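What follows is a short report on a single structure.
Just so you know, residue 1 is the first one in the sequence shown, and it goes up from there. None of the values given here were measured: they were computed from a predicted structure. Just so it is clear, the values below take in all heavy atoms, side chains as well, and ignore hydrogens, waters and symmetry mates.
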Amino acid sequence: MCKPRQRKGRAGESLPSSASSPATARLRRRPEMARKGVSYVTAAEVVSMVSDPHVAIIDVRDEERICDAHIAGSHHYASDGFAERLPEIAEATRGKQTLVFHCALSQVRGPTCARMFSDYLSETKEDSAVKSITVLERGFNGWEHSGRPVCRCKDAPCKGVCS
């Protein structure tokens with residue numbers, strides 16, 4: 001059974017603004033993520049990347065992916081079983097140059113899975129075209145709240161043709 005989705009952080013907590021330039025986004029990258037080769041991108045930046053065949057959007061939300069909408073064309077690998085599926089994810093993203101990870105808010109699960117995948121590629125010396133592993137700033141909730149397009153299909157994986 002689907003639970004009601006939390007749309008925001010704790011009461012009184014404000015989420016970072018998604019309205020910024022790519023240059024500002026680069027300045028805002030979190031140092032611990034940058035050291036590991038993972039950085040944040042804004043929803044505005046991702047909108048321009050969604051149709052690029054060399055980009056994969058990786059949704060790591062768990063149950064909420066089934067109940068809620070998602071970014072059209074995104075791949076779903078729930079965080080609760082993410083580590084066991086690393087080889088499968090590497091195969092599914094073969095040929096992609098940029099990966100954009102996200103969860104609901106991209107504060108824990110999205111960044112954790114992005115780092116885990118980055119570490120996996122480094123440790124296994126996987127033959128991968130991936131040049132950039134990023135995290136969607138403000139996550140899916142921020143994406144949806146900013147009026148970005150969402151898909152409500154139940155296809156797995158989403159074919160990206162829904163609106």
Task: Working for side-chain contact (heavy atoms from CB on, under 4.5 Å), residues F140 and V150 - done: CA-CA 9 Å; F140 179 77; V150 298; 3.7 Å; yes

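Shown here are the side-chain contact (heavy atoms from CB on, under 4.5 Å) partners of S122, two or more places apart in sequence or in another chain: there are none. Partners of T98 under the side chain to side chain donor-acceptor pair (under 3.5 Å) rule, at least two apart in sequence or in another chain, do not exist in this structure. Under the rule for a salt bridge (charged side-chain N to carboxylate O under 4.0 Å, His left out), the partners of R85 that lie at least two apart in sequence or sit in another chain are E88. Scanning for side chain to side chain donor-acceptor pair (under 3.5 Å) contacts around Q97 gives an empty result, with sequence neighbours left out. Taking the side-chain contact (heavy atoms from CB on, under 4.5 Å) definition, one finds that V47 meets it with W143, R148, sequence neighbours left out.
The aromatic rings of F101 and F82 stand perpendicular to each other, their planes meeting at an angle above 60°, with 30° marking the opposite boundary.
Of the possible donor and acceptor atoms, none in the side chain of D80 sits under 3.5 Å from a partner among the backbone N and O of D62. Looking only at distances, no side-chain donor or acceptor of H70 sits under 3.5 Å from a matching main-chain atom of H76. Using a distance-only test at 3.5 Å, with no hydrogens or angles considered, no donor-acceptor pair links the side chain of S39 to the main chain of T134.
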What pairs of donor and acceptor atoms, side-chain ones from residues 49-56 against any protein atom, are under 3.5 angstrom apart with sequence neighbours left out?
from	atom 1	to	atom 2	distance (Å)
D52	OD1	H54	N	2.7

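Residues E144 and R152 are paired through a salt bridge, judged by an N-O separation under 4.0 Å between the basic side chain and the carboxylate.
Residues E45 and T42 have side chains in contact (heavy-atom distance under 4.5 Å, counting atoms from C-beta outward).
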